[in-house]
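Only one structure is covered here, and it is reproduced in the block below.
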Amino acid sequence: MTTSAPLSESLHSPSFWARYTFAHADRAGSDRLGDLPDDDLDDERDDEDGEDDDPDAVFEVGGGCRLLLTADVGIDFHSLEIVVPGSAEPAELGWDDLAHWHPYALRWSELDLICRAIAALDPGSSHPGAPLALLCRYAAVFADDDVDAAVAAVEAAYASLRPSGWDGYWPRGTDWLKGADFRGHGVVWQHDEAGNRWATQEDGQKRDFYSTRVAPTSGGFPHTELRTLLAAAAATVGAC
């Protein structure tokens, strides 16, 4: 995992996580922000100049495949892109903001595999650790997932970055689950002979599953690139 200097400096900052998880905007965890001064949140916004187009983090999974994360807490916009050998340019998997978010690009098992591959290739990374803490917003859980294990992993990832002795606001695995839990919300996973997987949702649900991971015939989602990256991640983990 390679991170920009600003992101590296922010990984242990409670104000960064309050903004990155949208707790500052009344999302999960906002009830604990009383421990965090408002001016700290303002400072985190002011630190972002928004002028650098380079990704804030690059996650290598093997075979020349990588994920690119943009984390702009200054404008409350984050996105995830994918690059595989032969890519003309990065392709977007999902994005998250406070207006028209479509973050859910990955199933939990896929994210777990990706993070294990990242850790296998980078002695400076661990699993669960910073990659999972940063990328978990792009994954959701469903009835066939071990949700307790997923929450525990996300909790451990956040905890691995918490400064020693800090007892104020810090994100929790249960905060993540409140946004990622689609059990009982009519999401059905489909697949085709090529190995592509995508989700559909039954009408009339209380929570909408906002994702660009739609049927390949609909276009837009980089199915081929994701299959390539997941195969590379599996090869990386299998070689360890």
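- Using a distance-only test at 3.5 Å, with no hydrogens or angles considered, no donor-acceptor pair links the side chain of W108 to the main chain of A150.
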Give the intermediate values and the outcome of side-chain contact (heavy atoms from CB on, under 4.5 Å) for residues R27 and T21.
CA-CA 8 Å; R27 297 284 180 87; T21 63; over 6 Å; no

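- H185 places no side-chain N or O within donor-acceptor distance of the main-chain N or O of F142, the cut-off being under 3.5 Å.
- The shortest heavy-atom contact between A153 and P128 is O-CB, 3.3 Å.
- For L67 against I114, the heavy-atom pair with the smallest separation is CD1-CG2, 3.9 Å.
- Counting heavy atoms from C-beta on, the side chains of T212 and E92 never come closer than 4.5 Å.
- For the residue pair H24 / D76, a side-chain donor-acceptor distance below 3.5 Å is found, with atom types taken as modelled.
- Linking ILVMFWY side-chain heavy atoms closer than 4.5 Å, directly or via other members, places I75 and L98 in two distinct hydrophobic clusters.
- When the options E81, E60, M1 are evaluated for a side chain to side chain contact (heavy atoms under 4.5 Å, CB included) with R66, the one that passes is E60.
- At a threshold of 4.5 Å between side-chain heavy atoms, the hydrophobic network of Ile, Leu, Val, Met, Phe, Trp and Tyr places V188 and V141 in two separate groups.
- By the 30° and 60° cut-offs, the orientation of the rings of F22 relative to H78 is parallel.
- Side chain of R116 to main chain of V237: no donor-acceptor pair is present (N/O by atom type, distance under 3.5 Å, no hydrogens or angles).
- R32 places a side-chain N or O within 3.5 Å of a backbone atom of W170 that can act as its donor or acceptor partner.
- No side-chain heavy atom of R227 sits under 4.5 Å from any side-chain heavy atom of L230.
- Judged by distance alone, with hydrogens and angles left aside, the side-chain atoms of W95 form a donor-acceptor pair with the main-chain N or O of H100 at under 3.5 Å.
- By the 4.5 Å heavy-atom criterion applied to side chains, T217 and W198 are not counted as neighbours.
- In this structure, CG on L7 lies 10.5 Å from OG1 on T70, to the nearest 0.5 angstrom.
- In the hydrophobic clustering of this structure, F77 does not group with L68; members are Ile, Leu, Val, Met, Phe, Trp, Tyr whose side-chain heavy atoms approach within less than 4.5 Å, directly or through other members.
- Although no hydrogens or angles enter the test, the distance criterion places no donor-acceptor pair under 3.5 Å between the side chain of W101 and the main chain of Y104.
- Atom OG1 of residue T3 and atom CG of residue L11 lie 6.0 Å apart, to the nearest 0.5 angstrom.
- With hydrogens and angles ignored, the 3.5 Å screen pairs a side-chain donor or acceptor of T236 with a backbone N or O of V61.
- Under the 4.5 Å side-chain criterion, counting only non-hydrogen atoms from C-beta, L69 is not in contact with P55.
- Atom CD1 of I82 sits about 13.0 Å away from atom CZ of F59, to the nearest 0.5 Å.
- In terms of modelled atom types and a separation under 3.5 Å, the side chain of D208 and the main chain of Y210 share no donor-acceptor contact.
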L135 and I118: CA distance, side-chain angles, deciding distance, side-chain contact (heavy atoms from CB on, under 4.5 Å) verdict
CA-CA 12 Å; L135 295 175; I118 293 167; 4.2 Å; yes

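- Heavy-atom minimum distance, Y169 versus P14: O-CB, 3.5 Å.
- Connection of L132 to V58 is not established within any shared hydrophobic cluster, with ILVMFWY side chains joined at heavy-atom distances below 4.5 Å, either directly or through further cluster members.
- For residues 120-148, every residue pair satisfying the side-chain hydrogen bond (donor to acceptor under 3.5 Å, both in side chains) rule, not counting sequence neighbours, is listed here: D96-R137, R107-D144, D112-H127, D122-S125.
- With F182 as the aromatic partner, R207 meets the cation-pi criteria of under 6.0 angstrom to the ring centre and within 45 degrees of the ring axis.
- D56 approaches D72 most closely through the heavy-atom pair OD2-N, 4.5 Å.
- Judged as a side chain to side chain contact (heavy atoms under 4.5 Å, CB included), and not counting sequence neighbours, S164 has no contacts.
- Cluster annotation: L226 and V84 are assigned to the same hydrophobic cluster (Ile/Leu/Val/Met/Phe/Trp/Tyr, side-chain heavy-atom contacts under 4.5 Å, transitive).
- Remark: E9 CD to S4 OG distance equals 8.5 Å, nearest 0.5 Å.
- Counting only distance, with no hydrogens or angles, the side chain of R213 and the backbone of F221 share no donor-acceptor pair below 3.5 Å.
- Smallest separation of non-hydrogen atoms from Q205 and G186: OE1-N, 3.4 Å.
- The heavy-atom pair separating C65 from P85 by the smallest distance is SG-CD, 3.8 Å.
- From L33, atom CG reaches atom CG of D31 across 8.0 Å, with rounding to the nearest 0.5 Å.
- For the atom pair L106 CG and R197 CZ, the distance stands at 12.0 Å (nearest 0.5 Å).
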Could you pull out all donor-acceptor pairs under 3.5 Å where a side-chain atom in residues 154-161 meets a protein atom, sequence neighbours excluded?
unit_1	atom_1	unit_2	atom_2	d
E155	OE1	G173	N	2.6
S160	OG	A157	O	2.6

